[in-house]
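The structure appears below as structure tokens.
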Amino acid sequence: MKYWLMKSEPDCFSIDDLAKLPDKTTIWDGVRNYQARNIMRDEMKKGDQIFFYHSNAKPPHLAGLAEIVSETPIPDPTQFDPKSQYFDEKSSAENPRWMTVKVKFKKKFKDILPLDRIRSNPKLTNMKLVQKGARLSVQPVEKKEWDEIMAMIGHTNLAY
DNA sequence: GCCAACGTTGGC
DNA sequence: GCCAACGTTGGC
């Protein structure tokens, strides 16, 4: 099993939005970065664990946990929709350019973990998230980083 | 709202 | 294949 961090702007799609869905599951659409696509297409596997990160929030923070539930990569449906802001005219159903995964809500943190607390933890200085200029919206997390963050969250801090 | 750090595009 | 110009991300 692998560990990942996925960013979303809460004004656009928050962890509460995910939790509110009937099956608490969504296709992670709208990613238009090749590095992120390659991770989702080639490296993410069913059962992998995800930190759900809220970017462009005040403060930016980790909001909870999710999990990959798709067995195989899924073509991002928004690339075929001319009305979508993510429409890609160079993509086709026969040869889709943007592949993604299906993600399911697991837990929401009662208390968020702000970015500055992650940044100030000396054990987490190598995390991609706190590297200068790290904009990648889908990124790998080392197991020891995952464990350290879960320790910072604490067992009593996992809401529904 | 600013802007640094990246990523992408397209002319050559 | 280089690289300047442009667009985007995302913290601050």
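Sequence lines set the chain letters: A, B, ... in the order given, protein chains first and strands last, and positions in each chain run from 1. A quick note: this is a predicted structure, and the numbers were derived from the prediction, not measured.
A salt bridge links A/K123 to A/E148: one of the charged nitrogens lies within less than 4.0 Å of a carboxylate oxygen. The existence of a salt bridge linking A/K20 and A/D16 is excluded, since no basic side-chain nitrogen approaches an acidic carboxylate oxygen closer than 4.0 Å. A/D76 has a carboxylate O that lies under 4.0 Å from a charged side-chain N of A/R32, or vice versa, which qualifies the two as a salt bridge.
In this structure, the ring of A/W98 has its center less than 6.0 angstrom from the ring center of A/Y34. For A/Y86 and A/W28, the ring centers sit 6.0 Å or farther from each other.
Side chains of A/D17 and A/S14: a donor on one and an acceptor on the other come within 3.5 Å.
DNA chain B is contacted by both A/G133 and A/R32; A/G133 maps to the nucleotide lying nearer its 5′ end (nearest heavy atom per residue). Mapping A/N56 and A/R135 onto DNA chain B by nearest heavy atom places A/N56 at the nucleotide closer to the 5' end.
Listed by residue number, the members of residues 114-131 of chain A with any heavy atom below 4.0 angstrom from DNA chain C are A/L115, A/R119.
Heavy atoms of A/Q35 sit under 4.0 angstrom from primed sugar atoms or phosphate atoms, though from no base atom.
No more than 12 heavy atoms of other residues, nucleotides or ligands lie within 6.0 Å of CD in A/Q35, so this atom counts as exposed by the packing criterion.
Every residue was checked against the salt bridge (Lys or Arg N to Asp or Glu O under 4.0 Å) condition with A/R135, not counting sequence neighbours, and none meets it.
On the nucleic acid side, DNA chain B has its first and last nucleotide under 4.0 Å of a heavy atom of chain A at B/dA5 to B/dT8, going 5' to 3'.
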